[in-house]
Visitor: 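This is the structure, below, for whatever I ask next.
In the text below, chain A, chain B and the rest are named by the order of the sequence lines, each starting its count at 1.
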Amino acid sequence: MKLWIKVSLVAVIMVAAAVSICNLFLLVGAGRSNLNYAINSTVSAQKTNAAYWMNAMAEEIKAETGAATARSLARYFVAQLADENIVLNAGTDSIYNATCIEPADYLPLAEGKRQYIIADVAGKSMLMVGSQIAIQGTIYSLYMMQDVTSIYADITEMAYRFSWISFAIMFIAGLVELLLVRKLLKPIKTLKENTSLIAAGVYDRRIRIAEQDEIGELAEDFNSMADAVERRVEELKEEAARRTLFMSALTHELKTPMTSIKGNAQTLLVTRMEEEEREQALMQIDADCTRVEKLSQKLMHLIVLKQSGEIALKEQKTSELFAMVEAACQTQLKNRGLSLTIRNQMDTLSMDLDLLCALLLNLIDNAGKASAPGQTIEILAASNVISVTDWGGGIPESALPQLTQPFYRVDKARSRKQGGIGLGLALAEEIARLHRARLAFESEVGKGTTVKVVFENEA
Amino acid sequence: MKHRWGVLYFVLAVILLFSLFTVPQIARRVLDDTKGKIVTVEMQ
């Protein structure tokens, strides 16, 4: 069953129950009120008539008045009241009765009390009020009667009329509730449709709901969730694309030296060669093996770094770091005819000395490959940034975003010739990430490149 | 679960029938109870 039907049904049931109970109380209340009014007015009339009749009789009846005279006077004074609903009895004898009902049969009066009863007589509901009056030793009973059949009939008729009106109210209320609930729950239907679309892979759908109620908040949360899902899916797609690229690059990087090794080995096996040529082929195989070994080592390093969630950083002096870096790259730079300038304005840094040294050596190696003999590479450490600058060939702006991708090289032929395998900056980026830092590249073709390691938490 | 919510239709039908037929009868019966009883009122 749909939610809007459930809500509407429950609401209609509540309204129907409330209307029914109200009807019942209203009808009973109205009936009692009408009856009380009839009883009070009849009791009041009986009181007035009894007082008048008693006073008149008291004035005329003396001790010596005979019984027949007294009965005549009693009848006369009752007749004077000119009310056809009055009945007068003396003891068990009827003195005056214009009705065809004998009230004493239904209401045997108790002495000194005024009493009433409602009784069904000959298909009518009759209200009878009576009291006893003692005059000169004779007990008179004075009754007044009123037909209240119409009150009962009216209540019955009113009850059925009320019922049909209630039915109409319930029907209209039900219809209104139905429309209202459908309108209120419409945004939920939209939410459901959009959820289905997202489940089917359409991630760019969003919901526009103007209401600021709970459903509006739900829609906002849904949109936030859809944003997060879309973002995550995009990230996964990018990750998958990166992995595919990585695998194809890795395959290519392995295939090149393996092809060379296989070619040289087959040549050595099937061709008669001079000693010098054999030596050259063996040296080529050795160089290719070294390259594959270096590739596997760097890959292992990269994988280990990627798997490390966090490393223990230690507050250390940057002078130690730069001394270590200078010692490690001195020979390499000297062989290339390059010089290194270090300007250290930093005191200490939270770091893993070996890893940060490896990062800087990677950057210096890249700067060395880009520089011409005689040029200088500069390291500047200030504030929260360590930068490595060279004045070499520079990098095209379009290549800057891809520099940290594994196996990406700006100039593939030259890089390979210089022994590069395209993993240096990928490694550097991972090391920077573990130091809560990021790499930033500034470069201009023909003028040089600056690579900055920007530490986020350093002052 | 489906049957449980289906009970709502039954409840609604019962309340409607109660409202249409039982409420008038109850009202009439409550008033009919006032018949046949002798009630004493004060003499003043």
Visitor: So A/Asp154 and A/Ile151, do their side chains get closer than 4.5 Å, heavy atoms only?
Guide: no
Visitor: In terms of heavy-atom pairs under 4.5 Å with chain B, which of A/Ser163, A/Pro108, A/Ala17 leads?
Guide: A/Ser163
Visitor: Looking at B/Val14, B/Val11, B/Thr34, which one has more heavy-atom pairs under 4.5 Å with chain A than the rest?
Guide: B/Thr34
Visitor: Let me know if B/Leu16 has heavy atoms under 4.5 Å from chain A in its side chain, its backbone, both or neither.
Guide: side chain
Visitor: B/Leu31, B/Val30, B/Thr22: which one forms the most heavy-atom pairs within less than 4.5 Å of chain A?
Guide: B/Leu31
Visitor: Can B/Asp32 and B/Lys35 be counted as an ion pair, charged N to O under 4.0 angstrom?
Guide: yes
Visitor: If a pair satisfies side chain to side chain donor-acceptor pair (under 3.5 Å) and one of its residues is in residues 24-41 of chain A, list it, with sequence neighbours excluded.
Guide: none
Visitor: Would you say that more than 12 heavy atoms from the other residues, nucleotides or ligands in this model lie under 6.0 Å from the CZ of A/Phe25, or not?
Guide: no
Visitor: Counting heavy-atom pairs under 4.5 Å to chain B, which of A/Asp120, A/Ile5, A/Leu27 comes out on top?
Guide: A/Asp120
Visitor: Give a yes-or-no answer on whether the side chains of A/Glu177 and A/Ser8 include a donor-acceptor pair shorter than 3.5 Å.
Guide: no
Visitor: With a 4.5 angstrom heavy-atom cut-off, is it the side chain or the backbone of A/Tyr152 that approaches chain B, or both, or neither?
Guide: both
Visitor: Can you confirm whether the side chains of A/Thr99 and A/Glu84 place a donor and an acceptor under 3.5 Å from each other?
Guide: no
Visitor: Just so I understand: if I count every heavy-atom pair under 4.5 Å between each of A/Leu35, A/Leu109, A/Leu24 and chain B, which residue has the most?
Guide: A/Leu24
Visitor: What part of A/Val12 is in contact with chain B, defined as an atom under 4.5 angstrom from a non-hydrogen atom: side chain, backbone, both or neither?
Guide: both
Visitor: A/Ser20, A/Ala50, A/Ala119: which one forms the most heavy-atom pairs within less than 4.5 Å of chain B?
Guide: A/Ser20
Visitor: Are A/Asn49 and A/Met144 close enough that some pair of their side-chain heavy atoms sits under 4.5 Å apart?
Guide: yes
Visitor: Measure distances from B/Lys37 to the heavy atoms of chain A and classify the residue's part below 4.5 Å as side chain, backbone, both or neither.
Guide: backbone
